[in-house]
Peer 1: 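Quick one: this structure, given as structure tokens, is what I'll be asking you about.
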Amino acid sequence: MSQRLGDLLVKEKIITQEQLQQATKSQKENNSRLGAALVKLGFLTEEDFTISSHGSTAFPPSISPILKSTLP
């Protein structure tokens, strides 16, 4: 069973549980993706989600494979 992005970000201490709750609320209100909500709220930057041509990010390997689907 795969984990959801928000849960992984909290587990890796990249965001707090409270930030995840705020982002989830914003995501639902604005019909957006979680990554976009996290960026809009200032919890992460778009650069945090930038994936290089080799697929690497600033995030741990457990999170990197699912980042492509989090931003519009």
Side-chain angles (χ1 to χ4, degrees):
M1 182 175 170
S2 65
Q3 287 187 298
R4 297 182 322 176
L5 174 64
D7 295 332
L8 288 170
L9 292 172
V10 171
K11 179 181 175 185
E12 296 291 334
K13 298 184 184 348
I14 296 169
I15 63 171
T16 66
Q17 185 64 42
E18 292 77 22
Q19 289 172 321
L20 175 58
Q21 289 171 349
Q22 290 177 356
T24 302
K25 181 180 177 186
S26 175
Q27 175 189 19
K28 290 176 184 174
E29 290 172 352
N30 297 300
N31 195 31
S32 64
R33 294 180 183 223
L34 181 61
L38 288 164
V39 169
K40 181 178 179 182
L41 293 168
F43 300 145
L44 298 175
T45 66
E46 286 192 34
E47 289 77 29
D48 291 329
F49 286 95
T50 301
I51 300 174
S52 71
S53 59
H54 357 275
S56 63
T57 68
F59 294 130
S62 61
I63 295 174
S64 297
I66 59 175
L67 290 177
K68 289 182 180 180
S69 65
T70 63
L71 289 173

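Small disclaimer: the values here were computed from a predicted structure and weren't measured.
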Peer 1: Does a side-chain heavy-atom distance below 4.5 Å link Ile14 with Leu44?
Peer 2: yes
Peer 1: Nearest 0.5 Å please: distance from the CD atom of Gln19 over to the CG atom of Leu9.
Peer 2: 10.0 Å
Peer 1: Atom NZ in Lys28, atom CG in Leu34: separation rounded to 0.5 Å?
Peer 2: 10.5 Å
Peer 1: Who pairs with Asp7 by side chain to side chain donor-acceptor pair (under 3.5 Å), at least two apart in sequence or on another chain?
Peer 2: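 If we apply the side chain to side chain donor-acceptor pair (under 3.5 Å) test to Asp7, skipping adjacent residues, there are no hits.
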Peer 1: Quick check for you: to the nearest 0.5 Å, what is the distance between Leu20 atom CG and Lys11 atom NZ?
Peer 2: 14.5 Å
Peer 1: For the atom pair CG (Asn31) and OG (Ser26), what is the distance rounded to the nearest 0.5 Å?
Peer 2: 11.0 Å
Peer 1: Rounded to the nearest 0.5 Å, what separates atom CG in Leu38 from atom CZ in Arg33?
Peer 2: 13.5 Å
Peer 1: Which atoms form the tightest heavy-atom contact between Ser32 and Gln27, and what is the distance?
Peer 2: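 Minimum heavy-atom contact is O-CG, 2.8 Å.
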Peer 1: Heavy-atom distance under 4.5 Å between the side chains of Thr45 and Val39, does that happen here?
Peer 2: no
